[in-house]
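Worksheet: the structure to be examined is printed underneath.
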Amino acid sequence: QVQLVESGGGLVQAGGSLRLSCAASGRTFGITSMGWFRQAPGKEREFVGFISWSGNYWGIADSVKGRFTISKDNAKNTVFLQMDTLKPEDTAVYYCALDFQTLGSRSTSGYLYWGQGTQVTVSS
């Protein structure tokens, strides 16, 4: 089994920054990639970014490109989502996820394990 724990969410004013963390523990051998998704009230969960377990490959959704970056601390099995220039429309619950087969999937179906989510609220 593998566990994912997100942290770093909170309330921030528009234009501010937050850094989300997602720590993986348990059976981490064989993980191929980790992803970040978000879900706003009444909307479907949408892709934000992914990074390979090696940290060598990554991708970001067009909607957050230039404002969000994704990185990984290999020693700590932790993935980060740095969110800058936040906008009210970034308000959502942010989830991290991982898989042992897919690499770089932008679909929720590409990830088997999910964290509990962390709330990000951006005020105008």
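The model shown is predicted, which means the values in this text are computed figures rather than measured ones.
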Pair D62 + K65, salt bridge at N-O below 4.0 Å
yes
Is the backbone N or O of P88 less than 3.5 Å from a side-chain atom of S124, with the two atoms forming a donor-acceptor pair by type?
no
Classify the side-chain pair S107/S105 by whether it contains a donor and acceptor separated by less than 3.5 Å.
no
Does E44 reach the side chain of Q39, with side-chain heavy atoms less than 4.5 Å apart?
no
Using the rule that Ile, Leu, Val, Met, Phe, Trp and Tyr join whenever any side-chain heavy atoms are under 4.5 Å apart, tell me whether V93 and L4 fall into a single cluster.
no
Which atom pairs, donor and acceptor, lie under 3.5 Å between side-chain atoms of residues 10-31 and protein residues at least two apart or in another chain?
| unit_1 | atom_1 | unit_2 | atom_2 | d |
| --- | --- | --- | --- | --- |
| S17 | OG | D84 | OD1 | 2.8 |
| S25 | OG | Q3 | OE1 | 3.4 |

Heavy-atom side-chain proximity of W36 to F47 below 4.5 angstrom
no
Between OG of S52 and NZ of K72, what distance do you get to the nearest 0.5 Å?
8.0 Å
Results of ring pair (Phe, Tyr, Trp, His ring centres under 6.0 Å) for F80 - residues two or more places apart only:
none
For W114 and L112, which heavy atoms make the closest approach, and how far apart are they?
CD1-O, 3.8 Å
At what distance, to the nearest 0.5 angstrom, does OG of S33 lie from CD1 of I51?
10.0 Å
Go through W58 and T69 one step at a time and tell me if the side chain to side chain contact (heavy atoms under 4.5 Å, CB included) criterion holds.
CA-CA 9 Å; W58 57 272; T69 56; over 6 Å; no
Partner of F37 under ring pair (Phe, Tyr, Trp, His ring centres under 6.0 Å), chosen from Y111, F50, Y95, Y94
Y111
Looking at every heavy atom in both M83 and V120, which two are closest together, and how far apart are they?
CE-CG2, 3.8 Å
Can you confirm whether the side chains of T121 and Q119 place a donor and an acceptor under 3.5 Å from each other?
yes
How long is the span from the CZ atom in R106 to the CD atom in E46, to the nearest 0.5 Å?
12.0 Å
Going by side-chain contact (heavy atoms from CB on, under 4.5 Å), M34 matches just one of V79, T78, N77, I70. Which one?
V79
Between the CH2 atom in W53 and the CG atom in L103, the distance rounded to the nearest 0.5 Å is 13.0 Å
Name the residue from D90, T91, T118 that meets the side chain to side chain donor-acceptor pair (under 3.5 Å) definition with R38.
D90
